[in-house]
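One-based numbering along the sequence shown.
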Amino acid sequence: MTAIVSVHSFRGGTGKSNTTANVAAVFAGRGLRVGVVDLDILSPGIHVLFGVDQDGLDRHLDGFLWGRYPLRDAVREVTPPGVAGRIWLVPSSVAPHDIARVMAEGYDVGLLGDGVRALAAELELDVLLLDTHPGLNEETLLSIAMSDALAIVLRPDHQDYEGTHVTVSVARKLGVPRTVLVVNKTPESFDPAEVAARVAAAYDTPVAAVVPHSEELMVLSSGGIFVLHHPDHPVAALYGQLADQLLGSAVRA
């Protein structure tokens with residue numbers, strides 16, 4: 001059985017895609033077969049972390065949603081060298097005309113759900129990670145509803161707190177089996193244990209990781225996946241901690 005895990009944030013700029021890519025790498029490092037779908041169709045970017053050059057890329061999620069080809073045709077294997085498992089990515093298009101068409105015409109959301117489930121079965125995935133669009137719309141609600149686990153990424157500021165309340169409430173109403181919070185870009189002067197306790201109490205939801213603002217992470221930026229470049233860094237251990245919490249509830253032997 002494939003575990004479906006959504007990674008979401010109510011606002012952009014939280015580090016959601018970076019979190020998704022690093023968790024994917026952690027899972028693959030443990031020998032799992034991992035799929036990643038970039039559902040942030042209006043502002044795609046996770047392909048950069050996996051080293052996918054969109055120049056000449058003629059197959060992507062957008063084309064599948066418009067009925068041009070099967071979703072399998074949009075898949076790119078992005079397994080890094082030396083990783084025990086495998087990673088496949090379904091990128092979204094960065095072409096302005098494709099993004100404009102999505103905004104103007106939309107797409108069949110039901111087709112999206114059927115497509116990702118079929119892809120998970122075809123590739124015999126252990127885990128399928130959905131990198132969602134920030135905020136809440138029809139596509140995001142579908143992603144959350146079909147998830148075995150949901151990681152909500154937020155920053156320690158009041159704007160994120162209010163939006164996260166909404167997302168947590170929606171996840172409960174949709175019956176997501178496991179929801180965890182990731183407090184990202186936390187100032188180093190903050191006490192991680194205190195932050196985790198305060199956030200967990202505010203949302204009555206477990207905090208899987210409090211990730212500090214890291215100079216090494218900022219320097220790497222979108223140049224690659226942090227846990228592969230700095231496997232012994234404390235931040236890499238936190239991504240492993242998040243994977244543990246998602247894995248334990250989602251992947252069944």
Side-chain angles (χ1 to χ4, degrees), residues 2 4-21 23-24 34-78 87-123 125 127-147 150-153 159 163 166-167 170-171 174 221-223 225:
T2 301
I4 299 178
V5 177
S6 287
V7 183
H8 182 67
S9 64
F10 193 79
R11 296 170 62 212
T14 61
K16 170 182 59 65
S17 294
N18 224 314
T19 299
T20 305
V23 170
V34 183
V36 180
V37 181
D38 189 353
L39 294 181
D40 194 355
I41 299 175
L42 299 183
S43 52
I46 197 170
H47 62 277
V48 176
L49 292 162
F50 286 106
V52 174
D53 187 352
Q54 288 242 356
D55 289 344
L57 188 65
D58 60 354
R59 295 287 188 274
H60 40 67
L61 179 65
D62 310 54
F64 160 73
L65 294 173
W66 296 325
R68 293 177 181 169
Y69 39 75
L71 186 58
R72 182 66 180 87
D73 288 0
V75 173
R76 296 291 180 273
E77 183 165 1
V78 292
I87 305 176
W88 291 270
L89 172 69
V90 178
S92 285
S93 174
V94 299
H97 61 273
D98 288 330
I99 295 174
R101 179 176 175 181
V102 170
M103 295 178 68
E105 301 178 15
Y107 55 87
D108 184 346
V109 175
L111 181 64
L112 174 62
D114 293 340
V116 297
R117 289 189 183 94
L119 183 67
E122 185 176 353
L123 294 177
L125 298 177
V127 185
L128 177 62
L129 290 162
L130 306 177
D131 183 26
T132 69
H133 183 67
L136 293 174
N137 56 24
E138 189 176 4
E139 161 261 307
T140 302
L141 292 174
L142 172 65
S143 303
I144 293 174
M146 66 181 179
S147 296
L150 168 66
I152 303 172
V153 184
Q159 293 185 58
V166 175
T167 308
V170 167
L174 293 175
S221 188
S222 295
I225 299 173

| message | Show, in sequence, the C-alpha distance, side-chain angles and deciding distance for Val127 and Leu129, and conclude whether the side chain to side chain contact (heavy atoms under 4.5 Å, CB included) test is met. | response | CA-CA 6 Å; Val127 185; Leu129 290 162; 4.2 Å; yes

Notebook entry, point to check: Going by heavy atoms in the side chains, are Ile46 and Asp40 under 4.5 Å from each other?
Noted result: no

Subject >> Asp62 (side chain) donor-acceptor with Ser93 (main chain) under 3.5 angstrom >> reply: yes

Heavy-atom closest pair (Ala24 atom, Val36 atom, distance to 0.1 Å) is CB-CG2, 3.8 Å

Correct closest heavy-atom pair for Leu89 and Pro91 would be O-CD, 3.4 Å

Looking only at heavy atoms, the pair that brings Leu57 and His60 closest together is O-CD2, 4.1 Å

Quiz prompt | Lys16 side chain to Thr132 backbone, donor-acceptor under 3.5 Å | solution = yes

- Query: Would you say His8's side chain and Gly135's backbone share a donor-acceptor pair under 3.5 angstrom?
  - Reply: yes

Scanning both residues in full, the closest heavy-atom pair of Leu112 with Glu139 reads CD2-CG, 3.8 Å

With a 4.5 Å limit on heavy-atom distance, are the side chains of Ser43 and His133 in contact? yes

On a heavy-atom basis, the closest approach of Leu123 and Val75 is CD1-CG1, 4.4 Å

Item to complete: Using a 4.5 Å cut-off on heavy atoms from C-beta on, say whether the side chain of Leu119 contacts that of Trp88.
Response: no

Between Thr2 (side chain) and Leu125 (backbone), is there a donor-acceptor pair under 3.5 Å?
yes

Derivation of the side chain to side chain contact (heavy atoms under 4.5 Å, CB included) call for Val23 and Val7:
CA-CA 10 Å; Val23 170; Val7 183; 6.0 Å; no

Fill in: Donor-acceptor pair, side chain of His47 and main chain of Phe50, under 3.5 angstrom
no

Quiz prompt | Face-on cation placement of Arg59 at Tyr69 ring, 6.0 Å and 45° thresholds | solution = yes

Any side-chain heavy-atom pair of Trp66 and Leu111 under 4.5 Å: no

Q) Any side-chain heavy-atom pair from Met146 and Leu130 closer than 4.5 angstrom? A) yes

Note to self: Quick check: do Val109 and Leu65 have side-chain heavy atoms less than 4.5 Å from each other?
What the structure shows: no

Got a donor-acceptor contact below 3.5 angstrom from the Ser147 side chain to the Val5 backbone?
no

Value for CD (Glu138) from CG (Asp108), rounded to nearest 0.5 Å, stands at 9.0 Å

Checklist line | side chain to side chain contact (heavy atoms under 4.5 Å, CB included) assessment of Ile144 paired with Leu136 | finding: CA-CA 10 Å; Ile144 293 174; Leu136 293 174; 4.3 Å; yes

Before you tell me yes or no, could you show the steps for Asp131 and Leu39 under side chain to side chain contact (heavy atoms under 4.5 Å, CB included), namely the whole-Å CA-CA distance, both residues' side-chain angles and the distance that decides it to 0.1 Å? CA-CA 5 Å; Asp131 183 26; Leu39 294 181; 5.9 Å; no

I'd like to check Asp38 versus Leu61 (side-chain heavy atoms, cut-off strictly below 4.5 Å). Are they in contact?
no

*Answer yes or no: is there a donor N or O on one side and an acceptor on the other, between the side chain of Gln54 and the main chain of Ser92, under 3.5 Å?*
yes

Between Ser17 and Leu49, the two heavy atoms sitting closest are O-CD1, 3.7 Å

Are the side chains of Phe64 and Asp73 in touch, meaning some heavy atoms are under 4.5 Å apart?
no

